[in-house]
Amino acid sequence: MKLRLTKQLGAPINKGMFGLFFEDINYGLDGGLHAEMIENRSFEFVQTRGSHHKYEEMFDGLYGWSAYPEQGNGATLAIRSDRPQNEVNSHYLAFTASMAQLAVANKAFEGVCLNNNSTYRVRFYARTEDYAGSIEALVIKDGHVAACVVATPSVSKDWVLYEANLIARHGVTHGTFMLKLERQGTVHFDFISMMPSDAVLGLFRRDLVQWLKEMKPGFLRFPGGCVVEGHSLANRYQWKHSVGQAEERKPLGNRWALRGCAEENEYTGPYSRYNQTLGISYYEYFLLCEYLGAKAIPVVSVGVACQFQSTEMVSVEDPAFQTYIDDVLDLIEFANGPVDSIWGSVRAEMGHPEPFDLEMIGIGNEQWETEKVDFFRRYELFQKAIHQRYPSIKIIGSAGPDVNSDKYEAAWRYYREKSEENPDFVYAVDEHYYVKPEWMFENVNFYDQYPRNIKVFAGEFAAHHSNGMNMPELNNWGAALAEAAFMTGLERNADVIVLASYAPLFARLRYAQWSPNMIWFDGERSYASPSYYIQKLYSTQIGTHLLQTIADTEEIPFVVSYDREAGALFIKLANPLDRNVSVKIESDFSLADQGEVQVIQADEEEVNSIESPRRVAPITSAFACFDGMEYEVGAKSFHVLKIFRKDK
């Protein structure tokens, strides 16, 4: 294969083209990115049961809590709401200790993990009517105390916030967190929290954020995903419920709690008590975007519950529909408004008087037009209201859940017709595809013939050998190589593809409703899948412009970009074949004598894991550069060559 590099620049590449999609699925937020280690900290959890179009949520405020030790007796746990710490989350725990059971313990997913000599911030509210004594926070493993601290002052009849630093005497895996009384009595507890002191921004689990930071993402789309829509309208994500003090944010049953519910288990699946605490919400997402240097792309509900799970919607003729539009307008004010505006003042009170400079917003997650669901009309009403007040906001529309159906075709016809009348009608159309690796190899040129007047957001994509719960083995090199090949087409069509993100992002091992995922973790460690390294190579090794090339054949997928400021070329080569391919690289300009290459090559079934986190990962090396050089691309491999010009 012969590849000539010309001096002719192609289309400019959106600086933030490759980014992140985030949704609280697979315990990716609560139990993951959110550094909170306690489960059901406010005693407000619900259990979700049901099947398509029929659901029920039952209060389960004691979930995750029990008296300690288990073999003791006499202690009682009860949920009360008569004297709440706050009116939003009115439930709290009334714990009556016995001499045999002096402590209340938390499930904490699979138990808390402590690092030796590390510090953990414990916070909780407490009050009493008859107890005189101290409260000790501690972590125990196999009967041994790993960390303990006595909270002061003494308990009073009024709610008091207790804060203490818990220092680990040694490392612990799957330990038991508890609050222990020194004698019998009754204490009321609420909002029991434990966070590692090294949490990023005091909120996010450090190792998980570091994976994101290293990707240098151009954007972060949040909070979903299907959680935006909910399995019912009541269950949808409502951003106004997620601002203010964390203690006063009402937890919400997670739409993914229904995964695995079936008749044989009486519609109570393994994740029925999956909740969203909203400890991380819109404000914290905006903070994370600032930390990552990524643009925020919030996605909002259009008054339609998840179309895969429900037929519920609010009619556009119903006065209640206006609240959905008002919520979006108020969200933009919350992000960008001055401190003397209603919602800008809320942002300022939370600690960020400067605006977040929101530029883009998604209308609907994965909606499509049907005989009953008038998504197009809804989009038009949102678009009109947003641009009337905020004309510079870029609006992203939905093309539905796939790219090969009548609903996808109908969506594009709609956007194109409307954009002829109003060029600002839609900035980009959000396309989703979870497809076989073979489809990606066969559709490298998928976007070559797309009209250029409307941009595309490849918002959720991944190569799927299959899909299932708790299957990290699906994140193998074969799937990642298919994504690498397909993404040459995304980058090569940068004049129409302005945003692209793999999905889903995170999955907690043994807690995953969906597979595959980009990053896997447990309570202690994390690792990146081969797909992560592909995404990182694309997001970090890319130029400011495409470079026009001349190839005598398209034996393997490739794309070339050029960084005009640095004078660097990036050549990406994906070889899905079972044999090596020799690429002769010729250049119309002078090349530096030495370049750098990052290579991933492995058997298609190879995967990363907690035990072998870099089995499939890039290897960086130098290579000699000269005009007419023969570069060998190994079988089943992906290469990114970085070469500087001499004559810049």
Side-chain angles (χ1 to χ4, degrees), residues 18-29 31-35 113 200 204-221 288 291-294 434 437 460-465 470-487 500-512 514-542 572 574 598-620 636-640:
F18 295 105
L20 301 168
F21 161 83
F22 183 80
E23 178 174 14
D24 191 0
I25 184 175
N26 307 317
Y27 287 74
L29 186 61
L33 184 61
H34 187 196
C113 298
V200 174
F204 301 101
R205 183 170 146 173
R206 181 163 292 277
D207 62 327
L208 299 186
V209 171
Q210 187 60 32
W211 290 115
L212 308 186
K213 187 77 171 178
E214 291 177 5
M215 276 187 65
K216 299 180 180 179
F219 63 88
L220 174 67
R221 174 187 164 207
L288 180 60
Y291 179 82
L292 296 174
Y434 298 103
E460 297 183 31
F461 69 85
H464 280 206
H465 293 289
N470 299 306
M471 299 179 70
E473 65 273 14
L474 294 181
N475 275 114
N476 62 27
W477 173 236
L481 181 57
E483 292 151 7
F486 181 73
M487 290 173 72
S501 51
Y502 180 100
L505 178 55
F506 287 122
R508 184 169 179 134
L509 291 162
R510 296 173 292 279
Y511 283 76
W514 182 283
S515 308
N517 303 282
M518 193 158 71
I519 298 167
W520 292 81
F521 61 92
D522 59 17
E524 184 177 18
R525 296 173 291 174
S526 59
Y527 72 91
S529 71
S531 292
Y532 168 86
Y533 291 110
I534 293 300
Q535 299 302 314
K536 181 181 176 183
L537 286 172
Y538 270 90
S539 64
T540 61
Q541 306 294 304
I542 193 169
K572 298 183 177 75
Q598 297 189 61
V599 180
I600 308 179
Q601 185 173 21
D603 293 336
E604 289 184 292
E605 299 303 318
E606 288 285 352
V607 298
N608 293 334
S609 65
I610 288 289
E611 295 75 21
S612 301
R614 288 187 59 88
R615 180 176 290 159
V616 184
I619 296 175
T620 303
K636 305 295 182 184
S637 67
F638 181 62
H639 301 238
V640 182

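In this structure, M215 CE and L505 CG are separated by 8.0 Å, a value rounded to the nearest 0.5 Å. Rounding to the nearest 0.5 angstrom, the gap separating the CZ atom in R508 from the CG atom in D522 is 7.0 Å. Considering OH of Y502 and OG of S531, their distance stands at 4.0 Å, rounded to 0.5 Å. If you take CH2 on W477 and CD1 on I600, they are separated by 4.5 Å, rounding to the nearest 0.5 Å. Put simply, CZ on F506 and CD1 on I519 are 4.5 Å apart, with the number rounded to the nearest 0.5 Å. With values rounded to the nearest 0.5 angstrom, Y527 atom OH is found 14.5 Å from R614 atom CZ.
When all heavy atoms of S526 and F521 are compared, the pair lying nearest together is CB-CB, 3.6 Å. Here the closest heavy-atom approach between residue E524 and residue R205 is recorded as C-NH2, 3.7 Å. Closest of all the heavy-atom pairs between A503 and A462 is O-CB, 3.5 Å. Shown here for L537 and P618, the closest heavy-atom pair between the two residues is CD1-CG, 4.3 Å. Of all heavy-atom pairs between N476 and H465, the closest is OD1-NE2, 2.9 Å. Of all heavy-atom pairs between A512 and A507, the closest is CB-CB, 4.1 Å.
The closest side-chain heavy-atom distance from P472 to L509 is below 4.5 Å. Counting heavy atoms from C-beta on, the side chains of Y532 and N475 never come closer than 4.5 Å. Between N608 and Y533, some side-chain heavy-atom pair lies under the 4.5 Å cut-off. Within the 4.5 Å cutoff, side-chain heavy atoms of N26 are placed close to those of P504. Contact annotation: the side chain of P516 never approaches that of M471 to less than 4.5 Å [non-hydrogen atoms, C-beta and beyond]. Contact check for M487 versus Q535: side-chain heavy atoms found under the 4.5 Å cut-off.
Formation of a donor-acceptor pair under 3.5 Å by the S529 side chain with backbone atoms of M518 is found in this model. At least one donor-acceptor pair under 3.5 Å links the side chain of E483 to the backbone N or O of A463. A donor-acceptor pair is defined here as one N or O able to donate and one able to accept, closer than 3.5 Å; such a pair exists between the side chain of K572 and the backbone of Q541.
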Problem - Step-by-step ring pair (Phe, Tyr, Trp, His ring centres under 6.0 Å) determination, W514 to Y434 - result: CA-CA 12 Å; W514 182 283; Y434 298 103; 5.1 Å; yes

Problem - Residues K636, L481; criterion side-chain contact (heavy atoms from CB on, under 4.5 Å); working and verdict - result: CA-CA 7 Å; K636 305 295 182 184; L481 181 57; 4.2 Å; yes

Exercise for the section: Under the side-chain contact (heavy atoms from CB on, under 4.5 Å) rule, what do F22 and L33 come out as? Steps first, then yes or no, please. Expected result: CA-CA 10 Å; F22 183 80; L33 184 61; 4.0 Å; yes

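Scored by the ring pair (Phe, Tyr, Trp, His ring centres under 6.0 Å) test, Y538 finds F18, F638 as partners (sequence neighbours excluded).
In this structure, K213 places its NZ atom where more than 12 heavy-atom neighbours from other residues, nucleotides or ligands lie under 6.0 Å away.
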